[in-house]
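First up is the structure itself, then whatever we jot down about it.
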Protein chains: 2
Amino acid sequence: MTEELAAAPVRRDRRAERRAATVREILDAAWRLADERGLTGWPLKDVADAVGMRTPSLYVYFASKNDLYDAMFADGYRRLLERAEATPRNGTPREVLHRAAHVFVDFCAEDPARFQLLFLRTLPGFEPSEQSYALALEPLTLIAEILAAAGGGDAATLDLYTALLTGLASQQISNDPGGDRWRRLIDTAVDRILPPS
Amino acid sequence: MTEELAAAPVRRDRRAERRAATVREILDAAWRLADERGLTGWPLKDVADAVGMRTPSLYVYFASKNDLYDAMFADGYRRLLERAEATPRNGTPREVLHRAAHVFVDFCAEDPARFQLLFLRTLPGFEPSEQSYALALEPLTLIAEILAAAGGGDAATLDLYTALLTGLASQQISNDPGGDRWRRLIDTAVDRILPPS
DNA sequence: GTCTATAAATGGATAGAC
DNA sequence: GTCTATCCATTTATAGAC
């Protein structure tokens, strides 16, 4: 990593920085609307209003509404990866697995619209781009590692595990939003789903 | 049940029969469109076309599109109940539980749009009516009985069980449509989720 | 109960000036 | 990069004749 030590100043691209900041503003506004009215329950005009623009100006940053959804998809998985990487790995493998399961289910349950976009295939006509889809695979690798360390290294247990956690999240969101009726079952569920030793 | 033995002929209401048949036609057309284009991916005009009507005529049978969704919601749960009641109850309690789990997951996976309407709360602005919601509770009662007979009579195991099955269905639909990557895990999953005896 | 006609609003997207 | 102006298509829903 010689860059960190190099004396040569990095030439900042102020134009690119400004553009990235605007893109972030638009994404935040879109997430907020999705949270309030559902993933599809808002027109682009409301995004524009939220960031103080007119609708056509949004097209400078996103080619279409689907393109905005694609950016949200990528953004969501980046956030999940961050959250996963920030999760402490100390303690027994079983403890780490429990911790990771809570992190995941909480991540899903705290934003139903994001859960829908990232894990359910429910948006009519939307397919993530190749680049965005590639991002979606990274958190899965992390989960597989943690699960394997706790004795669930086989493919079937991994699939069982993802089904279980998305199922807990989905039930929590659909049938007890804001509560913990399914979240409180996470540890029990994880323990039962591991292969008998 | 004296009605069944009574000689008095039942006075048929031909008008009501015809109306019910038309309602059924409309529902079938709507399900077909939902299957092809997603739960929300079609306008009422296409339903009308499919049944050989003009759009305004649909309003004779349904007060609004939401009202049509509500009828689909009720129809879906009625179908699920039928399917559940038609499932043989012979064999050991564990065998019956496995069988019921397959019936449920297959029911979900065979029609993603229906799964979305019945089990995910993903349709912006839609809430089932009280009557329709009441129907949704009946299959759950059946499931609870079968699960209890197999040793999962506690509330936590029932919640775990519904999360597990909807999770398997959801993963199957989202990540391996038409395949059996998650469906083939049903028996293992059910065995592991039962409380240790 | 079905139709024509139309309201009334929505909402994604583009053209072109500044 | 942002704007005004506008297009154009869609879509739910209603009024009222037959």
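Just so it is clear: chains get the letters A, B, ... in the order the sequence lines come, proteins before strands, and each one is counted from 1. For clarity, every value in this text was computed on a predicted model and none was experimentally measured.
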Rounded to whole Å, the CG-C1' distance (A/Asp46 to C/dG12) equals 13 Å
Would you mind reading off the distance between B/Tyr59 atom OH and C/dA5 atom C1', rounded to a whole angstrom?
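Distance check: B/Tyr59 OH to C/dA5 C1' gives 15 Å.
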Closest heavy-atom contact between [X] and [Y]?
| X | Y | value |
| --- | --- | --- |
| A/Ala50 | A/Ala29 | CB-CB, 3.8 Å |
| A/Gln116 | A/Thr122 | NE2-CG2, 2.6 Å |
| B/Asp67 | B/Ala63 | OD2-N, 3.1 Å |

Do the two ring centres, one from A/Tyr133 and one from A/Tyr77, sit under 6.0 Å apart?
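So the answer is no for these two rings.
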For the rings on A/Tyr161 and B/Trp182, is their centre-to-centre separation under 6.0 Å?
no
Please list, by residue number, the residues of residues 60-74 of chain B whose heavy atoms come closer than 4.0 Å to an atom of DNA chain D; answer none if no residue qualifies.
B/Ser64, B/Lys65
Check every nucleotide of DNA chain D for an atom under 4.0 Å from a heavy-atom of chain B, then give the first and the last such nucleotide from 5' to 3'.
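It runs D/dT11 to D/dT14.
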Who are the salt bridge (charged side-chain N to carboxylate O under 4.0 Å, His left out) partners of B/Arg19, not counting sequence neighbours?
none
Under 3.5 Å, is there a donor-acceptor pair between the B/Thr157 and B/Asp154 side chains?
yes
Taking the nucleotide of DNA chain C with the nearest heavy atom to each, does B/Arg18 or B/Pro56 sit closer to the 5' end?
B/Arg18
Is the shortest side-chain heavy-atom distance between A/Pro196 and B/Arg192 below 4.5 Å?
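The answer is yes; the side chains approach within 4.5 Å.
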